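Both counts, for ligands and for their atoms, begin at 1 and track the order of listing. Computed from a predicted structure; not experimentally measured.
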Amino acid sequence: MNVQQFPLIASVILDVSVDKTLDYGILPDQVSAVKRGVRVEVPVRGQLCTGYVIAIKDKSDFHTVKGIAKVLSEIELLDENTFELALWMAKYYCAPLRQVFKVLLPATVRKEGKHKEQLFVMRAKTREQLIDVCIELRKTSPAQANILDVMLKATKGLLLTELLEESKGSRSSVESLAKKGHLVLDIVRVDRSPLVNEQYFQTKPKTLNEEQAVSLNKLTDCLQNGRFETHLLYGVTGSGKTEVYLQAIDKALQLDKGTIMLVPEIALTTQTIERFRSRFEGKIAILHHRLSQGERFDEWHRIRRGEARIVIGARSAIFSPVVNLGLIIVDEEHEQSYKQSEEVPCYHARDIAVMRGKMTYSTVILGSATPSLESYYNALKNKYVLSTLKGRADAASMPKVTIVDMKSEFEKAKGYTNFSSLLLDGIKKRQALGEQTILFLNRRGYHTTMMCKGCGVSIRCAHCDLALTFHFNENTLSCHLCGFTLSPPPKNCPSCRSPDTMKFKGVGTEQIERSLHAIFPDIRTIRMDADTTRHKGSHQKLFRAFGSGKADVLIGTQMVAKGLHFPEVTLVGVLNSDSSLNIPDFRASESSFQLITQVAGRAGRGVTPGEVILQTSMPDNSTILHASNQNYEKFYEEEIATRQLFRYPPFVSMAKIAFSGDTPEKTIAIANQMRDRLLALLDKGFELNPVIPAGYAKVKDKYRYQFLIRGPAIYPIAQAIDSIRQSMKFPADVKIFIDINPTSTYF
Ligand code: ADP
Ligand code: ZN
Ligand code: ZN
């Protein structure tokens, strides 16, 4: 149709195809419904495609445009601010807008209209009756029996989608069960809020100490004036940061402002979350990746309707449609899990928090006992407001830290040993007193690798560039990158073929547990690592068991390092403090320092003072020394000087361009082509490193290469990449991956 026939024109960006906007006419009866952010169906070359309206204009640059076929969502899914944020993200993170929308809106929400026709399945007979039916059906129709199995386990009923997913059954099987009168199907809108059926004791705000009060006052002032400001709340573990968050949220509520609070990982922060629930019961929405599709959908709409005023969740919760957002909290802001590194857009939720705060005039709190170098730098430069909590809030005192030189322990023991004598004495003493110990080791499995004594070759994954890890209980070697397993482990060396030369090397959590039992036969242990926490709710179960005194020692990987509050833990042993220091990455020292400090913070959270033992073979390493003294400032001083000297963030902006392909030759060639083009487009202020293999040079049979760009800002890099992408044809079998401000330059 001619442009004049439409009162208004919409610029639409399509879900599929190129990142280019197309103009469509808005018919008079569509005018009220079509707004920025609305999802529409439009004709493209004879087919209907879906996309988003990104702008409304008076006229088009084209003479003829087609009309919008259908307006899909009756409400605008994204408010003005979030939309603005999406456009910014696409530009900054060099990501197609449709990819950005994928992280901004949960999949269930993007497929609009679902909530009106959710089918809910319930039992139409008693459990006993259905068990009999099930036994009968097992012979004639096993598929239907499977469905009944799942229904028998359900407490009330299940959404049809959930039932089909769990039983792997078909809709027709469910329907025939309903026809026979065993089940009923109902079209309902159920509120699947994950909070129902749980009760909490209401807790009262605590009287703040001086330091807490000072930082809360600064926050309150900012909230009241609706001023965008970022506050870095820096305080040791147990200094009362969480109490400050709670009271700031309360303040925001009084001002009718909503809050988003990010936590590194929901499963590991149950204790923190329970404190929030108990104070703000009913007003909270908790978003975590184990919510069912239906739950996620409901929570999103509960937030959007303004019923949930406080949202707690992992990194993607930063995009929640909170009504009248006024406060954004990033707890443990230094945590690397806030960065999305596996998928485009590679956003950092902390940076998004600050950006979203700016766009919505919100107060942003970044809290940490070990702030990221970037944030502390920004605070010292007065870009952020710094609030420091120096002491512990309750009676607890800081733990006493001892460094043990493992080299002399090996000499004493005349060979390798997992435990220093100081640590063993400590564990024994705690067991006798009924106190608890946490042992931390950053490696799961039994032994790390299997190596040949004859030729020195270790057994590697057939598909990845990584040595396999031995798991005692299953008697297998497995790859921690792709899951490949070799069972049983080979007797002869696969390389030199010599028999009886294979030996194990390195230690994992599983072996620590066994060797501890060998030393103290009656010791009770709980092990927490990726192997023991595969099932839903297993974290909580293990934590609860330990918290209620069912074990003397908790052995674990990073999972035990963070956020836990067990008053009976008076000893923490870090078995191998230097393992993460040896990774060739510019953040190695920073993450080691953070990890050691976090683990150490688990000791002495109750009345009895705590003790921390750091085992290391580098007792003079300054990162370990500073961590043992809990001296963040000193660590920061040294580390920031190194960053400046070697030109790393926060002194430069950085992008990692990674490639993966079927053959090394082709992958390198494409990487070099891209690098040459960028070199030509960027000015001298930008530095491009050579193309090198990635830290894991091969993963799942794909070869991986990468190069780094460093320079004064991200935008020119992003623009250059964008223009190259439009002109350069990439072969389909080489994937390019853009990581802006990567957390690691190695992997
Ligand atoms: P952080 O978040 O910095 O680790 P928390 O807020 O969890 O610290 O506080 C540690 C402990 O101190 C908690 O048990 C908390 O209830 C208590 N606490 C915090 N602030 C106060 C206060 N002002 N008075 C008394 N106890 C407090
Ligand atoms: Zn060999
Ligand atoms: Zn593998």
Side-chain angles (χ1 to χ4, degrees), residues 203-216 232-249 261 263-264 269 271-276 278-279 329-333 365-371 387-398 449-469 476-486 490-503 505 562-567 597-598 600-607 696-704:
T203 59
K204 297 231 159 49
K206 296 193 162 52
T207 312
L208 297 183
N209 64 35
E210 172 103 25
E211 287 176 328
Q212 286 173 314
V214 169
S215 60
L216 183 69
L232 178 63
L233 186 57
Y234 157 52
V236 293
T237 34
S239 60
K241 296 185 293 295
T242 310
E243 189 60 36
V244 174
Y245 303 155
L246 286 161
Q247 299 199 20
I249 294 174
M261 180 163 113
V263 293
T269 40
Q271 289 180 324
T272 313
I273 286 165
E274 285 182 7
R275 283 171 69 188
F276 284 81
S278 62
R279 206 163 297 177
I329 302 169
V330 185
D331 189 26
E332 311 283 356
E333 65 89 29
I365 311 176
L366 310 178
S368 177
T370 51
S387 287
T388 311
L389 307 179
K390 292 209 179 66
R392 279 196 162 173
D394 44 16
S397 51
M398 295 303 284
T449 51
M450 204 176 183
M451 214 175 110
C452 172
K453 270 188 297 193
C455 67
V457 164
S458 57
I459 300 188
R460 307 181 79 79
C461 176
H463 311 282
C464 307
D465 173 34
L466 185 70
L468 297 173
T469 302
T476 55
L477 287 166
S478 85
C479 172
H480 287 187
L481 283 179
C482 74
F484 169 82
T485 55
L486 205 62
K491 288 223 159 44
N492 301 345
C493 171
S495 178
C496 70
R497 305 270 160 214
S498 52
D500 303 322
T501 51
M502 298 312 291
K503 63 165 194 177
K505 206 172 155 266
K562 294 157 192 175
L564 301 174
H565 183 79
F566 293 120
T597 315
Q598 297 284 334
R602 299 306 120 217
R605 311 258 314 183
V607 266
Y696 294 127
K698 185 178 147 199
V699 176
K700 297 183 192 167
D701 293 316
K702 299 281 180 209
Y703 293 87
R704 313 201 315 164

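- One finds an angle of 110° at the Zn ion (ligand 2) between SG on C452 and SG on C496, to the nearest 10 degrees.
- Of the possible donor and acceptor atoms, one in the side chain of R704 sits under 3.5 Å from a partner among the backbone N and O of Y696.
- Not a single N or O atom of G235, backbone or side chain, sits closer than 3.5 Å to an N or O atom of ligand 1.
- Rounded to 10°, the angle formed at the Zn ion (ligand 2) by SG of C493 and SG of C455 is 110°.
- At a threshold of 2.8 Å, the Zn ion (ligand 3) has a backbone or side-chain N, O or S atom of C479 nearer than that distance.
- Closest approach of V244 to L216, counting heavy atoms only: O-CD1, 4.0 Å.
- In the vicinity of G240, heavy-atom distances shorter than 4.0 Å reach the ligand 1 atoms 1 (P), 3 (O), 5 (P), 6 (O), 8 (O), 9 (O), 19 (C).
- Heavy-atom proximity to atom 7 (O) of ligand 1, evaluated over E243, K206, R275, is greatest for R275.
- The shortest distance between side-chain heavy atoms of D701 and H463 falls below 4.5 Å.
- Only the backbone of N209 comes within 4.0 Å of ligand 1, counting heavy atoms alone; no side-chain atom from C-beta on gets that close.
- Under a 4.0 Å N-O distance rule, the pair K241/E332 does not qualify as a salt bridge.
- For atom 22 (C) of ligand 1, the nearest non-hydrogen atom from the set L233, V236, T207 comes from T207.
- The backbone N or O of K390 lies less than 3.5 Å from a partner atom in the side chain of E211, making a donor-acceptor pair.
- Contacts classified as salt bridge (charged side-chain N to carboxylate O under 4.0 Å, His left out) and involving residues 457-467 (residues at least two apart or in different chains) are given here: R460-D465.
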